Amino acid sequence: MGSDLNPKSPVREGNVGYYRISSRWEDEDVYGHVNNVKYYSYFDTAVNGYLMRETGVDIRRLDAYGIVAESSCRFQRELRFPLDVVAGLKVTKLGNSSVVYEISLFQGDDPEPAAVGRFVHVYVTGEDRNVTPIPAQIRAVLEPLVG
């Protein structure tokens, strides 16, 4: 990611994993900034894209998968098209069957995030949706994000 990460920023340094997301024309609303609902899409894309990239598997094919049990967002400034969004990821809680992510969305050289989100995944089985332990492949890439 090179130039997208400002090494002098303590906020950016506080994240452990990163995932780049391309903003799209349709993300902006009539007010000329990325609409608030798109931030949640960015959170979802960052978490699942990161998991797929780092595990090397299509997580949709696993016996268990994470469903969103809770999400929130603290908006701090606007995001704009056409700049990419860099999502900084860290895990604030890693349980047996759930994980709590903190996701910071950055754009350009700004050292401070445009938004900080909380995203909770609870792992369930595919057929009956019963709560189940986090799959080993997922846990292996989450453990380094614990911060």
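Everything numeric here is computed off the predicted structure, so don't read it as measured data. Sequence positions, counted from 1, serve as the residue numbers for this chain.
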Just do the side-chain contact (heavy atoms from CB on, under 4.5 Å) check on Val120 and Val68 with the steps written out, would you?
CA-CA 6 Å; Val120 180; Val68 178; over 6 Å; no
Apply side-chain contact (heavy atoms from CB on, under 4.5 Å) to the pair Phe106 and Val85, showing each step before the final yes or no.
CA-CA 6 Å; Phe106 299 95; Val85 175; over 6 Å; no
Using the rule side chain to side chain contact (heavy atoms under 4.5 Å, CB included), only one of Tyr40, Phe119, Tyr42 pairs with Cys73; which is it?
Tyr40
Taking atom CD of Glu127 as the centre, report whether more than 12 heavy atoms of other residues, nucleotides or ligands fall under 6.0 Å from it.
no
Within a 6.0 Å radius of atom CG on Asp63, are there more than 12 heavy atoms belonging to other residues, nucleotides or ligands?
no
Rounded to the nearest 0.5 angstrom, the CG-CD1 distance for Asp44 and Ile103 is 8.5 Å
Is any side-chain heavy atom of Leu105 closer than 4.5 Å to a side-chain heavy atom of Pro113?
no
Under 3.5 Å: donor-acceptor pair, side chain of Gln107, backbone of Arg80:
yes
How long is the gap from CG on Asp27 to CG on Asn35, to the nearest 0.5 Å?
9.0 Å
Do Val146 and Val99 share a hydrophobic cluster, counting only Ile, Leu, Val, Met, Phe, Trp and Tyr and linking them when any side-chain heavy atoms are less than 4.5 Å apart?
yes
For Arg129 and Tyr65, does a side-chain donor sit closer than 3.5 Å to a side-chain acceptor?
yes
Please lay out, stage by stage, how Tyr123 and Val131 fare under the test side-chain contact (heavy atoms from CB on, under 4.5 Å).
CA-CA 6 Å; Tyr123 278 80; Val131 174; over 6 Å; no
Atom pair CD/CG of Glu54 and Leu142 - distance to nearest 0.5 Å
10.5 Å
Below 4.5 Å, heavy atoms only, C-beta onward: do Met52 and Asp58 meet side chain to side chain?
yes
Evaluate the criterion side-chain contact (heavy atoms from CB on, under 4.5 Å) for residue pair Gln137 and Val141; output intermediate values, then yes/no.
CA-CA 7 Å; Gln137 305 97 304; Val141 300; over 6 Å; no
Look up atom OG in Ser71 and atom NE2 in His121, then write down how far apart they are to the nearest 0.5 Å.
10.0 Å
Atom CZ of Phe43 and atom CG of Leu89: how far apart are they, to the nearest 0.5 Å?
10.5 Å
Shortest non-hydrogen contact from Tyr19 toward Arg53
CD1-NH1, 3.4 Å
In terms of heavy-atom contacts, Tyr101 and Leu51 come closest through OH-CD1, 3.7 Å
Taking Arg77 first and then Asp110, would you say they form a salt bridge - that is, a charged N and a carboxylate O separated by under 4.0 Å?
yes
Is the backbone N or O of Val34 less than 3.5 Å from a side-chain atom of Glu28, with the two atoms forming a donor-acceptor pair by type?
no
Joint hydrophobic cluster, Val86 plus Phe81, side-chain heavy atoms closer than 4.5 Å:
no
Single-linkage hydrophobic cluster, 4.5 Å side-chain cutoff, Val91 and Val122 together:
no
Shortest non-hydrogen contact from Ala87 toward Ala46:
CB-CB, 3.5 Å
Leu94 side chain reached by Leu145 side chain, heavy atoms, under 4.5 Å:
no
Where do Glu70 and Arg118 land on the salt bridge (Lys or Arg N to Asp or Glu O under 4.0 Å) test, with the steps shown first?
CA-CA 8 Å; Glu70 178 184 337; Arg118 175 181 159 92; 2.9 Å; yes
Just how far is it from atom CD1 of Ile21 to atom CG of Leu83, taken to the nearest 0.5 Å?
13.5 Å
Do the side chains of Ile59 and Ile138 get nearer than 4.5 Å, heavy atoms only?
yes
Heavy atoms only: give me the nearest Ser98-Ile134 pair and the separation to one decimal.
O-CD1, 3.6 Å
